[in-house]
Amino acid sequence: MAKEITNRAENYSQWYQDIVKKADLADNSAVRGCMVIKPNGYAIWENMRDQLDRMFKETGHVNAYFPLFIPKSFLSKEAKHVEGFAKECAVVTHHRLMNDPNGEGVIVDPESKLQEELIVRPTSETIIWDAYRGWIQSYRDLPLLINQWANVVRWEMRVRMFLRTAEFLWQEGHTAHATRQEAMEETLRILDIYAKFAEEYMAVPVIKGIKTENERFAGADETFCIEALMQDGKALQAGTSHFLGQNFAKAFDVKFVNDKNEEEFVWATSWGVSTRLVGGLIMAHSDDSGLVLPPKLAPVQVAIVPIPKPSPEIGEVAEKIMKALRDKGISVKYDKDDQKRPGFKFAEHELRGVPVRLGIGMRDLEKGQVEVARRDTKEKTFTPLVGVADYVANLLDDIQQNLFNRAKKFREENTTVVDSFDDFKAIVETPKEGMPESWGGGFLSAHWDGTTETELRIKELTKATIRCIPLDGDEEPGQCILTGKPSKRRVLFAKAY
RNA sequence: CGGGGCAUAGCGCAGCCCGGUUAGCGCGCCUGCUUUGGGAGCAGGAGGCCGCAGGUUCGAAUCCUGCUGCCCCGACCA
């Protein structure tokens with residue numbers, strides 16, 4: 001059939017792409033590395049955005065908007081920061097086009113060269129801290145808790161729908177604080193929000209941790225992250241929260257006067273999640289029939305399919321069910337297309353990841369029941385029409401929980417404690433039965449001597465990197481799996497997206 | 001940015017090696033009839049500058065050169 005998708009175990013990345021395309025989430029665009037997010041995909045992002053926005057506001061943050069363009073000179077003010085992003089910046093050099101004198105369309109007007117070139121933001125620390133200098137004088141101006149929803153551009157070599165695109169949508173929080181401790185608390189508060197969002201809304205279990213120096217955000221003193229495991233045994237960094245210390249305050253000369261009338265540099269954080277989360281959501285739950293969405297983020301939570309086709313009787317019942325569901329805040333769609341047969345609609349709603357499908361036929365009406373199909377397990381059952389809204393509401397909760405439990409069980413089964421480099425290598429390199437051919441090996445918990453040199457050597461030998469030093473990891477003396485040198489605790493390795 | 005593959009109707013493909021009338025097939029689309037509890041059947045119909053630009057030839061989807069885009073695998077990254 002036209003809508004068939006590649007088997008997940010056969011070719012994971014093709015499977016992923018098939019879902020993105022056939023569930024109508026996104027399209028490739030005329031510009032390499034950029035994508036068109038279609039209504040179906042954008043609706044998922046909107047749900048994510050709305051929930052996160054709520055959580056940010058509940059913790060005292062406000063939204064603002066800073067410019068897309070950053071003067072080139074700003075990037076170089078923070079040495080590490082420029083090092084991190086220089087290789088992937090789009091640069092605006094001119095501001096005008098003109099008709100080609102040779103009649104070949106338009107060309108860049110050479111007369112319109114900018115005095116100072118502009119960088120399309122890869123992230124906004126620099127332009128925001130330049131603005132903050134003017135906003136902050138006293139400790140009474142702090143903390144400054146600002147978030148922005150924006151697009152950013154990072155000129156990536158290799159792109160993948162949602163997971164890594166040249167332009168992507170995200171939120172970036174940029175906060176300013178009077179003390180180191182306050183800034184650190186903010187960094188961790190946001191990390192908790194991200195973890196809660198991932199687990200409770202995306203139904204994706206995450207490990208909270210600290211990045212190694214090597215994986216740290218350019219310009220940060222400390223980077224915290226949430227890491228999730230995808231169904232092909234590879235890790236996905238789902239969100240980062242950075243403790244920036246006074247690096248940007250010093251680079252942009254942002255000082256404040258404390259309550260003892262002393263001048264100090266401001267302490268900072270920044271944090272973000274992006275449309276990458278949509279990619280993570282797809283890879284965490286979906287199956288060979290298509291997208292599987294957690295009810296809390298699904299644009300359509302319930303689809304009602306008349307069997308065999310719409311009729312006044314069925315329509316009347318469907319209306320009643322829809323009203324009852326909507327009264328409970330459940331989004332529902334009545335599929336009244338009379339050209340398509342039920343089987344087609346079933347497959348279509350499964351492909352699009354609708355969590356619950358209700359089927360109503362004349363037989364059901366006679367018996368006063370509806371057929372209920374859940375997307376996560378594909379189980380079907382019948383429930384009385386009376387009380388169907390309560391039944392569905394409970395079922396949605398159950399699906400949400402089941403997806404999380406399933407993903408968590410998968411992660412637990414694919415997290416291995418390793419004590420020798422041979423075992424480590426074997427786990428990373430050995431394909432796993434029933435799993436995609438590109439199996440990444442899952443999470444590996446192992447000892448590491450704490451040096452970047454060893455980290456890079458392990459990456460070179462196995463392609464696995466240190467995803468994080470888990471926050472809840474216990475101190476446990478041991479020996480580095482590569483060098484045998486002493487280690488205080490285990491860290492989490494994986495092949496990563 | 002390196003290595004490999006692909007580019008033919010909206011989507012998926014055949015044809016190309018070995019050049020030769022109107023370029024095929026499946027799905028989708030349009031019309032009609034019959035169907036209808038898991039991707040309907042029949043009949044008719046529309047839809048193509050064969051990725052782009054050059055070249056070879058009487059003649060190019062097919063051969064040659066260059067370009068562009070996409071995919072896979074590496075290096076880089078969220």
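Within every chain, numbering begins at 1; the chains are lettered A, B, ... in the order of the sequence lines, protein sequences first and strands thereafter.
- Within 4.0 Å (heavy atoms only), A:E227 reaches no atom of the nucleic acid at all.
- In this structure, A:R160 reaches neither bases nor backbone, as no heavy-atom distance under 4.0 Å exists between it and the strands shown.
- Pairing for B:C63 goes to B:G55, judged as Watson-Crick or G-U wobble with the two contacts each under 3.5 Å.
- Annotation: side chain of A:H349 is not in contact with side chain of A:V300 (no heavy-atom distance under 4.5 Å).
- Checked against the 6.0 Å centroid criterion, the rings of A:F162 and A:W45 do not qualify as a close aromatic pair.
- Counting any heavy atom pair closer than 4.0 Å across all strands shown, A:D364 reaches a base atom.
- When the options A:L395, A:I304, A:D376, A:V332 are evaluated for a side-chain contact (heavy atoms from CB on, under 4.5 Å) with A:V356, the one that passes is A:L395.
- Taking the C1' atoms as reference points, B:C50 lies 13 Å from B:C13, given to the whole Å.
- Between B:A9 and B:G26, the two C1' atoms lie 12 Å apart (nearest whole Å).
- Contact check of residues 201-219 of chain A against RNA chain B (heavy atom, cut-off under 4.0 Å) returns no residues at all.
- Distance from the side chain of A:K309 is smallest for B:U36 among the nucleotides B:G38, B:A78, B:U36.
- Here the separation of B:G15 from B:U8, taken at their C1' atoms, is 9 Å to the nearest Å.
- Atom CH2 of A:W170 is separated from atom C1' of B:A78 by 8 Å (rounded to the nearest Å).
- Contacts of A:K463 with the nucleic acid, taken as non-hydrogen atoms under 4.0 Å apart, involve only primed sugar atoms and P, OP1 or OP2.
- Nucleotides B:C67 and B:U22 place their C1' atoms 32 Å apart, quoted to the nearest Å.
- When distances are taken from the side chain of A:R341 to each of B:G38, B:U35, B:C72, the shortest belongs to B:U35.
- Between A:R164 and A:G359, the residue whose closest nucleotide on RNA chain B is further toward the 5' end is A:G359.
- With B:G74, B:G37, B:G39 as the choices, the nucleotide that has an atom nearest any side-chain atom of A:F344 turns out to be B:G39.
- Side-chain proximity of A:K87 to the nucleotides B:C72, B:C76, B:G37 is greatest for B:C76.
- One can place CG of A:D337 at 12 Å from P of B:A40, the figure rounded to the nearest angstrom.
- For B:C71, neither phosphate oxygen OP1 nor OP2 lies less than 4.0 angstrom from any side-chain nitrogen or oxygen of A:S13.
- Cation-pi geometry between A:R121 and A:F66 is not satisfied (NZ or CZ under 6.0 Å from the ring centre, within 45° of the ring normal).
- One can place CD of A:Q339 at 17 Å from P of B:G39, the figure rounded to the nearest angstrom.
- If you measure from atom NZ of A:K21 to atom C1' of B:G10, you get 13 Å, rounded to the nearest angstrom.
- A:S311 comes within 4.0 angstrom of no nucleic acid atom, judged by non-hydrogen atoms across all strands.
- Ranking B:G74, B:G38, B:C76 by closeness to the A:A347 side chain, first place goes to B:G38.
- Nucleotide B:G44: paired with B:C30 (Watson-Crick or G-U wobble, both distances less than 3.5 Å).
- Between the side chains of A:Q14 and A:D18, at least one donor N or O lies within less than 3.5 Å of an accepting N or O.
- Within the 4.5 Å cutoff, no side-chain heavy atoms of A:M161 are placed close to those of A:L25.
- Looking at heavy-atom distances under 4.0 Å, A:S274 makes contact with a base.
- Residue contacts shown for A:Q237 are limited to sugar-phosphate atoms, with no base heavy atom under 4.0 Å away.
- Atom pair A:E460:CD and B:G74:C1' shows a separation of 14 Å (rounding to whole Å applied).
- Enclosure of atom NZ in A:K432 by more than 12 non-hydrogen atoms of other residues, nucleotides or ligands within 6.0 angstrom is indicated.
- B:A53 and B:G69 have their C1' atoms separated by 15 Å, given to the nearest Å.
- Across the P atoms, B:G59 and B:G19 are found 15 Å apart, a figure rounded to whole Å.
- Here B:G69 sits opposite B:C6 as a Watson-Crick or G-U wobble pair (both hydrogen-bonding atom distances under 3.5 Å).
- Among the nucleotides B:C73, B:G38, B:A78, the one closest to any side-chain atom of A:R158 is B:C73.
- Ranked by how close their nearest RNA chain B nucleotide is to the 5' end, A:L236 and A:M161 are led by A:M161.
- Comparing B:G38, B:C71, B:A78 against the side chain of A:N28 picks out B:C71 as the nearest.
- Going from atom NZ of A:K345 over to atom P of B:A40 covers 11 Å, rounded to whole Å.
- Atoms CD (A:E348) and P (B:C27) sit 17 Å apart, rounded to a whole Å.
- Atom CZ in A:F85 sits roughly 11 Å away from atom P in B:C77 (whole-Å rounding).
- Side-chain contact, A:S270 with A:H174: no donor N or O sits under 3.5 Å from an acceptor N or O.
- Nucleotide B:C1 forms a Watson-Crick or G-U wobble pair with B:G74, both donor-acceptor distances falling under 3.5 Å.
- B:C6 and B:C17 have their P atoms separated by 15 Å, given to the nearest Å.
- One P atom belongs to B:G48, the other to B:C11, and the distance between them is 13 Å to the nearest Å.
- Pairing partner, B:G37: none, since no Watson-Crick or wobble contact has both distances short of 3.5 Å.
- The shortest side-chain heavy-atom distance between A:H61 and A:E186 falls under the 4.5 Å cut-off.
- Within the 4.5 Å cutoff, the side chain of A:V152 has no heavy atoms near those of the A:P122 side chain.
- Distances were taken from every side-chain heavy atom of A:K459 (C-beta onward) to each of B:C76, B:U36, B:G38; the shortest belongs to B:C76.
- For the pair A:L403/A:I399, a side-chain contact is recorded, criterion being any heavy-atom separation below 4.5 Å from C-beta on.
- Counting non-hydrogen atoms under 4.0 angstrom, A:L163 reaches a base of the nucleic acid.
- Taking only side-chain atoms of A:E371, from C-beta outward, the nucleotide of B:G37, B:G38, B:C71 with the closest atom is B:G37.
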